[in-house]
Novice: 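Let me begin by handing over the structure; questions about it come next.
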2 protein chains.
Amino acid sequence: MKPTLQAVADAVGVSRSTVSNAYSRPDQLSAALRERILDAARQLGYPGPNPTARSLRRGFVGSIGVLFTSQLSYAFTDPFAVRFLTGVSAAAERHGTSMLLVPLPPAQTDARRAVENAAVDGFCVYCVADEEWALDVIRARGLPYVSTAPRDDAGADERYVGIDERAAARGIAAHVAGLGHRRVALLADAVLPDAPAGPLTLDGVHEAWHPTTRGRLTGFADAFGEVGVDWADLTVVNALGNSRQAAAAAVAGLFDGPAPPTAVLAGSDVLALGVLDALAQRPGGANPPVSVTGFDDIPEAAAAGLTTVRQPAEDKGRIAAELLLDPPADAAAGHVLLPTALVVRASTGPVPRS
Amino acid sequence: MKPTLQAVADAVGVSRSTVSNAYSRPDQLSAALRERILDAARQLGYPGPNPTARSLRRGFVGSIGVLFTSQLSYAFTDPFAVRFLTGVSAAAERHGTSMLLVPLPPAQTDARRAVENAAVDGFCVYCVADEEWALDVIRARGLPYVSTAPRDDAGADERYVGIDERAAARGIAAHVAGLGHRRVALLADAVLPDAPAGPLTLDGVHEAWHPTTRGRLTGFADAFGEVGVDWADLTVVNALGNSRQAAAAAVAGLFDGPAPPTAVLAGSDVLALGVLDALAQRPGGANPPVSVTGFDDIPEAAAAGLTTVRQPAEDKGRIAAELLLDPPADAAAGHVLLPTALVVRASTGPVPRS
DNA sequence: GATCCAGTCTGAATCGATACAGAGAGGTGC
DNA sequence: GCACCTCTCTGTATCGATTCAGACTGGATC
């Protein structure tokens with residue numbers, strides 16, 4: 001049996017409260033006695049108050065949860081997610097708070113259980129697709145949270161940090177449209193819950209599953225609408241996962257028809273890189289050239305010369321955690337929109353004349 | 001006040017135990033009653049058993065701690081650490097266990113406190129320099145742990161996963177020696193606790209601070225010893241941190257002397273990339289060419305054409321977590337050495353004849 | 001009809017601490 | 001000399017669950 005606080009109290013001949021105070025409120029006892037107590041504890045091999053018992057009594061834990069709705073192990077392979085985590089950890093560090101990364105089992109019942117069982121004081125929810133259930137559980141637990149995905153029905157008092165997805169998407173699409181592109185494909189991950197990889201028919205943007213995807217597709221459509229390209233003229237392509245492989249698989253065959261797209265606007269850099277991979281693999285290479293854009297501006301984007309939208313990934317994480325750890329008094333300040341920037345590189349160019 | 005288990009019991013008119021069983025041991029009550037209880041819970045907005053209270057009573061938490069002795073937010077910027085985490089998370093996922101990332105405050109007293117207060121069932125200790133104190137705390141708490149840094153005084157029953165640092169280092173150094181290099185610099189991070197950046201005088205390898213550094217330097221020295229280059233003839237260079245910038249700063253001026261090194265063996269890829277940065281910055285570029293080697297084989301190494309030692313980063317994390325989560329019955333199986341491979345790329349070449 | 005058993009449910013003890021009101025000792029001010 | 005404080009320390013209630021031995025019920029067994 002490990003020694004408990006009581007054991008130390010007995011050894012020194014004081015009350016439990018006093019030993020507790022020796023650890024948690026040094027000003028409540030004389031320095032001499034405190035020393036005696038800590039010495040005795042050392043002797044007995046008492047490792048300090050049991051964190052769980054302490055949390056129970058105190059009513060808080062000292063750690064925040066980070067929720068990824070995709071697989072946790074996948075998150076670490078996504079450069080954007082890693083930069084987000086970097087930001088969260090910087091804020092956590094400053095506050096002396098730990099981060100609990102909670103893997104969500106595939107079955108929803110189990111996933112709910114996982115969120116219910118997480119010993120944390122609040123959550124940073126990285127990405128909520130239709131995973132409204134997670135927020136429900138968090139709210140039921142009465143825990144604060146900060147979300148990073150736009151939600152249509154977000155309450156005014158709900159803390160959020162993100163970007164203006166639609167405006168940013170519109171900006172990069174306008175760049176592409178300005179280069180003369182009119183036959184365009186829009187590539188996104190998990191556009192519809194169970195759709196196969198490849199071109200897809202969407203009656204409208206509203207059908208898209210993820211709010212983020214919805215925002216970006218809407219922005220793309222805005223820009224092309226302005227130059228006379230209707231929604232129906234745009235090709236929406238679905239990828240099964242946010243990875244280079246998934247993107248490459250999704251656009252396989254896309255350029256083989258009689259009037260292939262001259263540009264592909266991807267919903268993330270990772271997807272865009274996958275498109276570049278696919279183009280490079282084609283017999284004859286990417287000829288005629290296809291313009292490709294990404295989203296996020298991950299480190300690899302620069303090396304690949306990818307035109308993209310830059311968003312401050314680390315800031316997003318840092319601010320999310322800060323919003324959680326010391327909430328602004330003013331509710332309006334809990335809703336943060338970060339700036340974005342269009343980064344033009346070599347992956348976009350004028351429409352080749354054929 | 002949030003409803004408690006008791007409140008649900010009262011609402012349904014059953015005992016607390018029964019409600020508890022409804023959640024944790026469904027086989028202990030009739031399905032009908034269980035439904036009634038869960039319904040009532042839903043009505044009352046009871047979010048399920050309080051995780052902290054449950055942990056206290058049950059005696060375990062359901063999460064493992066991951067300890068980085070450097071800054072947590074730094075860990076996310078280190079590709080090797082990220083891959084390690086990927087592996088840990090894959091194992092955690094499979095076990096339905098959460099990961100607690102504990103930032104360690106700079107002051108040692110505070111850092112001890114942080115380890116004492118972490119609510120976890122065990123620790124993966126990523127990197128232990130002289131931070132023996134962390135292991136002391138963990139042992140005092142009676143928690144299991146797996147370490148990934150070689151320790152001179154490791155007990156036989158101590159779980160460990162790593163590589164044969166010395167042999168791997170010797171291998172890559174032999175490659176460099178085989179190319180004819182005799183004037184060689186060895187670059188490592190934090191060779192001595194408070195040493196400045198730049199060349200350093202070490203009486204022997206044993207003085208090096210980190211066990212990992214010690215292992216690698218020893219291997220380097222082994223290989224050069226075999227071709228007649230003594231320890232005293234090797235230049236040890238200290239970097240203030242494991243980053244490209246720190247490496248570049250450390251080797252500034254190294255190539256300005258009359259007999260500059262023709263090769264630099266770095267203790268990590270990140271450092272090696274920094275050396276390449278520094279060489280590229282020199283007026284006239286890297287001329288005559290300097291051979292540079294790294295260690296780890298992070299993704300960026302391939303792009304940079306860096307000769308390095310590949311070690312299975314994700315496996316390291318995965319196995320560490322598995323060793324922790326289901327310990328092998330056989331104590332010897334708790335000590336895992338992973339394979340390494342020499343990866344020769346363009347960054348090493350024969351000594352230029354001047 | 002007594003015995004035994006499986007299936008349900010209950011009650012008390014327990015996990016390991018913290019909070020808070022208050023007791024007692026010793027010192028100050030007037 | 002008395003009221004009043006401050007400084008230390010104690011005792012009890014409490015945080016919110018789980019555990020385990022046992023009570024009760026209704027049916028099957030012999």
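Computed from a prediction, not measured in an experiment: that's the story for all the values here. Every chain is numbered from 1, with letters handed out A, B, ... down the list of sequences.
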Novice: What pairs with A/D39 under salt bridge (Lys or Arg N to Asp or Glu O under 4.0 Å), at least two apart in sequence or on another chain?
Specialist: A/R42
Novice: Return the angle between end axes of the helix from C/dG1-D/dC30 to C/dC30-D/dG1, with five pairs used per end and rounding to 10°.
Specialist: 30°
Novice: Could you write nucleotides 6-14 of chain D as a row of B, S and -, 5' to 3', where a protein heavy atom under 4.0 Å of any base atom gives B, of only sugar-phosphate atoms gives S, and otherwise -?
Specialist: --SBBBBBB
Novice: In terms of relative ring orientation, are B/F80 and B/Y126 parallel, tilted or perpendicular, with 30° and 60° separating the classes?
Specialist: tilted
Novice: Testing A/I64, A/V146, A/V115 one by one against A/F123 for a side-chain contact (heavy atoms from CB on, under 4.5 Å), which residue passes?
Specialist: A/V115
Novice: Which class fits the ring pair A/F76 and B/F76: parallel under 30°, tilted 30 to 60°, perpendicular over 60°?
Specialist: parallel
Novice: What residue among B/V88, B/V336, B/T148 forms side-chain contact (heavy atoms from CB on, under 4.5 Å) with B/K316?
Specialist: B/T148
Novice: Determine, step by step, whether B/R94 and B/L325 satisfy the side chain to side chain contact (heavy atoms under 4.5 Å, CB included) criterion, reporting the C-alpha distance in whole Å, the side-chain angles of both residues, the deciding distance to 0.1 Å, and the verdict.
Specialist: CA-CA 10 Å; B/R94 231 192 332 268; B/L325 291 168; over 6 Å; no
Novice: Give the residues of residues 40-48 of chain B touching DNA chain D, defined as any heavy atom closer than 4.0 Å, sorted by residue number.
Specialist: B/Y46, B/G48
Novice: Is the shortest side-chain heavy-atom distance between A/S89 and B/L101 below 4.5 Å?
Specialist: no
Novice: Starting from P on C/dT18, measure out to CG on A/L56 and report it in whole angstrom.
Specialist: 11 Å
Novice: Grab the CD-P distance between B/Q6 and D/dT18 for me, whole Å please.
Specialist: 13 Å
Novice: Under a 4.0 Å N-O cut-off, is there an ion pair linking A/E132 with A/R139?
Specialist: yes
Novice: Test A/S20 against A/R57 for side chain to side chain contact (heavy atoms under 4.5 Å, CB included), laying out the working first.
Specialist: CA-CA 12 Å; A/S20 173; A/R57 185 62 242 241; over 6 Å; no
Novice: Closer than 4.0 angstrom, basic N to acidic O: yes or no for A/D110 and A/R113?
Specialist: no
Novice: Could you tell me how far apart B/R36 (CZ) and C/dT8 (P) are, to the nearest whole angstrom?
Specialist: 14 Å
Novice: So A/T213 and A/D189, side chain to side chain contact (heavy atoms under 4.5 Å, CB included) or not? Walk me through it.
Specialist: CA-CA 8 Å; A/T213 305; A/D189 166 28; over 6 Å; no
Novice: Given atom CZ of A/R25 and atom P of C/dA21, what is their separation to the nearest angstrom?
Specialist: 11 Å
Novice: Describe the nucleic acid contact of B/S24 in one word from base, sugar-phosphate, nothing, applying a heavy-atom distance below 4.0 Å.
Specialist: sugar-phosphate
Novice: Would you tabulate the nitrogen or oxygen pairs shorter than 3.5 Å linking the protein to nucleotides 21-25 of chain D?
Specialist:
none

Novice: Given atom CD1 of B/I37 and atom P of D/dA17, what is their separation to the nearest angstrom?
Specialist: 14 Å
Novice: Starting at CZ of A/R54 and ending at P of D/dG16, how long is that distance when rounded to a whole Å?
Specialist: 18 Å
Novice: Rounded off to whole Å, could you give me the NZ-to-P distance for the A/K2 and C/dA17 pair?
Specialist: 12 Å
Novice: I'd like to check the side chain to side chain donor-acceptor pair (under 3.5 Å) partners of B/Y74; sequence neighbours left out, ordered by chain and number.
Specialist: B/N242
Novice: In terms of ring plane angle, is the pair B/F68 and B/F84 parallel, tilted or perpendicular, where the classes change at 30° and 60°?
Specialist: perpendicular
